Amino acid sequence: MFGARCLLLALRRCSSAPCPKHTQAARLRVCEALEAQEVAGDIKVQGWVRSVRSQKEVLFLHINDGSSLESLQIVADPSLENRDLTFGSAVEVQGKLVKSLHRMQNVELKAENIRVVGPCDTLTFPFKPRERQPLEYSRQFPHLRCRTNALSSLLRVRSEATAAIHSFFKDNGYVHVHTPIITSNDCEGAGELFHVRTSDKVQERGENSHFFNVPAFLTVSGQLHLEVMAGAFTQVFTFGPTFRAENSQSRRHLAEFYMVEAEMSFTESLQDIIQVMEDLFKKATSIVLSKCPQDVELFHKYVSPAQKGRLEQMLKNKFITISYTEAVDILKRAPQTFIFQPKWGSNLQTEHEKYLVKHCGEVPVFVVNYPYDLKPFYMRDNEDGPQHTVAAVDLLVPGIGELCGGSLREERLHFLQPRLERLGLADAYQWYLDLRQFGSAPHGGFGMGFERYLQCILGVDNIKDVIPFPRFPHSCLL
């Protein structure tokens with residue numbers, strides 16, 4: 001048993017340490033104590049008080065240290081109570097781990113000493129015991145909302161999802177690359193960039209405000225840098241922050257978010273990329289569900305009750321693939337009226353994406369082969385007609401819409417160079433053209449928005465509720 005092993009190791013460390021006067025208490029995390037299958041003496045647990053209940057002959061506490069959704073019950077003599085021992089206070093409890101008489105828990109800590117490390121003013125503390133506040137309320141307190149069950153569960157899910165994604169790529173032979181955060185490239189070509197400049201004092205002295213002698217921006221994607229590495233490694237990925245200066249306060253937009261991006265060399269089929277996208281989603285999600293069942297269940301029970309069933313459908317069914325042209329035809333035949341009229345050559349809007357998923361039975365849908373003029377210069381020309389398309393793919397999922405986007409990359413110099421010249425980008429992207437002259441291989445890749453992925457598995461409607469620190473309203477910036 002993992003909990004028992006941790007407990008025994010902690011006890012052995014204490015017993016082996018030189019301590020002539022007394023044995024030092026073994027420090028356990030709450031999750032380790034809860035998983036313990038046997039009693040133990042001289043245990044120390046540290047955390048924050050979630051509830052206090054004082055009776056005539058016994059004092060009950062529940063403390064939590066963020067290692068699990070469940071708190072550890074502390075049973076103590078009422079004489080150990082003091083006025084600072086309140087909801088939210090930071091405490092250190094020392095005592096014996098004993099079998100609990102309560103059927104809902106295996107063990108409890110019989111306290112011999114309780115030390116209040118940091119008191120909490122319960123009158124001004126914005127969260128109260130036994131109150132389930134909506135996510136909108138907790139968003140007002142970005143510096144304190146991690147103390148709530150919902151946000152602590154979210155952060156554990158984020159942590160496990162991050163590890164699961166890294167594990168997927170490592171197990172499949174990908175090399176992890178740290179791509180730059182400050183760059184001169186605009187990968188998406190949308191112009192929604194945060195411009196990086198030196199301070200106003202430098203500009204007042206008449207010095208060049210371009211620190212790198214060229215305009216620099218916060219990255220919108222690591223893709224182009226991954227393509228460089230894909231010239232030496234057949235499989236690479238990155239997982240890091242990206243930025244969009246889109247001045248929108250909607251429930252779907254963030255100025256700063258995390259992206260998972262991968263590139264694969266010697267890839268000539270869009271189907272190969274599609275398969276990796278589906279495998280990544282299913283593998284990472286299965287790991288998260290096995291590692292954080294209680295945390296995920298909290299969201300499925302109190303935030304989005306229907307999400308559990310939708311997620312089960314996504315995991316057990318094969319994802320569907322349709323072409324962009326088929327998607328437009330489906331939308332045109334739809335019995336509902338859209339705000340944006342669907343037509344060939346226009347972007348699919350969120351309302352279109354959600355309808356397509358619903359039309360396909362609430363199963364994720366790959367939409368492939370988008371119009372040539374809709375997509376960036378690096379996507380591979382399908383050389384078709386009369387409706388000219390590129391080998392691009394978007395993954396649409398229930399409740400969210402687009403989750404992933406990818407394509408085969410244009411590796412043919414005689415296709416890529418004229419397009420860059422027409423866009424006036426040939427000089428700026430000469431290095432990108434060089435990649436096609438020195439051992440170029442067919443390749444492709446994709447990106448997945450990490451916060452949208454979390455929305456998808458947890459059923460959270462507002463993307464600002466799946467990040468550690470909300471950026472809205474602006475006055476809440478830390």
Side-chain angles (χ1 to χ4, degrees), residues 48 50 64 66 68-69 88 125-128 130-165 239-244 246-260 281 284-285 288-289 291-311 314 350-351 353-354 357 396-404 448-478:
W48 292 267
R50 288 297 179 89
N64 192 286
S68 73
L69 178 61
F125 190 53
F127 304 106
K128 308 301 177 186
R130 293 179 293 278
E131 285 188 8
R132 191 179 301 280
Q133 299 288 359
L135 296 175
E136 290 78 11
Y137 175 81
S138 63
R139 207 183 303 141
Q140 301 174 71
F141 308 98
H143 56 307
L144 296 172
R145 70 176 192 158
C146 60
R147 311 277 186 96
T148 66
N149 280 342
L151 264 295
S152 63
S153 286
L154 166 73
L155 292 174
R156 284 187 292 273
V157 170
R158 277 189 74 110
S159 179
E160 289 295 346
T162 299
I165 289 167
F239 189 171
T242 53
F243 308 85
R244 301 285 169 87
E246 183 177 351
N247 192 16
S248 172
Q249 304 301 338
S250 78
R251 307 170 78 86
R252 289 178 50 82
H253 292 92
L254 291 172
E256 176 186 349
F257 54 96
Y258 274 69
M259 283 283 286
V260 181
F281 179 89
T285 304
V288 169
L289 293 177
K291 295 283 188 179
C292 307
Q294 291 180 314
D295 295 312
V296 174
E297 180 62 27
L298 181 143
F299 281 89
H300 289 176
K301 184 176 181 179
Y302 296 107
V303 177
S304 181
Q307 191 62 21
K308 182 177 181 180
R310 283 196 293 261
L311 196 57
M314 286 187 261
T350 302
E351 59 176 343
E353 295 168 347
K354 290 183 177 180
V357 174
L396 315 181
V397 295
I400 303 297
E402 182 187 347
L403 175 64
C404 302
M448 179 179 77
F450 184 53
E451 281 74 19
R452 286 193 181 180
Y453 169 72
L454 294 171
Q455 281 186 281
C456 178
I457 63 174
L458 297 177
V460 177
D461 180 54
N462 194 325
I463 197 169
K464 296 172 181 63
D465 291 324
V466 294
I467 57 175
F469 299 102
R471 300 305 201 259
F472 173 78
H474 294 303
S475 60
C476 286
L477 282 169
L478 294 181

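Small disclaimer: the values here were computed from a predicted structure and weren't measured.
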L289 versus K308: any side-chain heavy-atom pair under 4.5 Å? no
Non-hydrogen atoms of L254 and E451 that approach each other most closely: CD1-CG, 3.9 Å
Checking the side chain of S152 only, and the main-chain atoms of T148 only, is there a donor and an acceptor separated by less than 3.5 Å? yes
Donor-acceptor under 3.5 Å (Y453 side chain, V260 main chain): no
Taking the side chain as everything from C-beta on, heavy atoms only, tell me whether L144 gets closer than 4.5 Å to F125. yes
Do the non-hydrogen side-chain atoms of C146 and L155 ever get within less than 4.5 Å of each other? yes
Looking at side-chain heavy atoms only, is the closest gap between I463 and H253 below 4.5 Å? no
Answer with yes or no after comparing the ring centroid distance for F450 and F239 against a 6.0 Å cut-off, counting only values under it. yes
Between L396 and L403, is there a side-chain heavy-atom distance shorter than 4.5 Å? no
Any heavy-atom pair between the side chains of F127 and Y137 that's under 4.5 Å? yes
Before you tell me yes or no, could you show the steps for R251 and D465 under salt bridge (Lys or Arg N to Asp or Glu O under 4.0 Å), namely the whole-Å CA-CA distance, both residues' side-chain angles and the distance that decides it to 0.1 Å? CA-CA 9 Å; R251 307 170 78 86; D465 291 324; 5.8 Å; no
Run the side-chain contact (heavy atoms from CB on, under 4.5 Å) test against C456 and tell me which residues pass, sequence neighbours left out. F281, M314, V397, I400
Test side chain to side chain donor-acceptor pair (under 3.5 Å) applied to E353 - qualifying residues, sequence neighbours left out: none
Distance col, row F469:CZ vs R139:CZ, nearest 0.5 angstrom, shows 15.5 Å
Between S304 and R310, does a side chain to side chain contact (heavy atoms under 4.5 Å, CB included) hold up when you go through it step by step? CA-CA 10 Å; S304 181; R310 283 196 293 261; 3.6 Å; yes
Less than 4.5 Å apart, side chain to side chain, heavy atoms only: is that true for V157 and I457? yes
If every non-hydrogen atom of L135 is compared with every non-hydrogen atom of S138, which pair is closest and at what distance? O-OG, 3.0 Å
Is a side-chain donor or acceptor of Q455 paired with a backbone partner of V460 at a separation under 3.5 angstrom? yes
How close do E160 and C292 get, counting heavy atoms only, and between which atoms? CG-SG, 3.3 Å
Tightest non-hydrogen contact, residues V466 and R158, listed as O-NH1, 2.7 Å
For L454 and A161, work out which heavy atoms get closest and say how close. CD2-CB, 4.2 Å
Check ring-ring contact (aromatic ring centres under 6.0 Å, His included) between F299 and all other residues, then give those that pass, not counting sequence neighbours. none
My understanding is that only residues two or more places apart in sequence, or in another chain, count here; which of them pass side-chain contact (heavy atoms from CB on, under 4.5 Å) with Y302? R132, L298
So M259 and F257, do their side chains get closer than 4.5 Å, heavy atoms only? yes
Name all residues meeting the side-chain contact (heavy atoms from CB on, under 4.5 Å) criterion together with A164; count only those two or more places apart in sequence or in a different chain, and write none if there are none. A284, I287
Distance-minimising heavy-atom pair for V288 and V296: CG1-CG2, 4.1 Å
Sequence-distant partners of R452, side chain to side chain donor-acceptor pair (under 3.5 Å), two or more places apart: none
Return yes if some donor-acceptor pair links the side-chain N/O of R156 with the main-chain N/O of G66 below 3.5 Å, else return no. yes
CG of N149 to CG of N64, rounded to nearest 0.5 Å, is 7.0 Å
Without hydrogens or angle criteria, can the side chains of R252 and N462 be said to hold a donor-acceptor pair below 3.5 Å? no
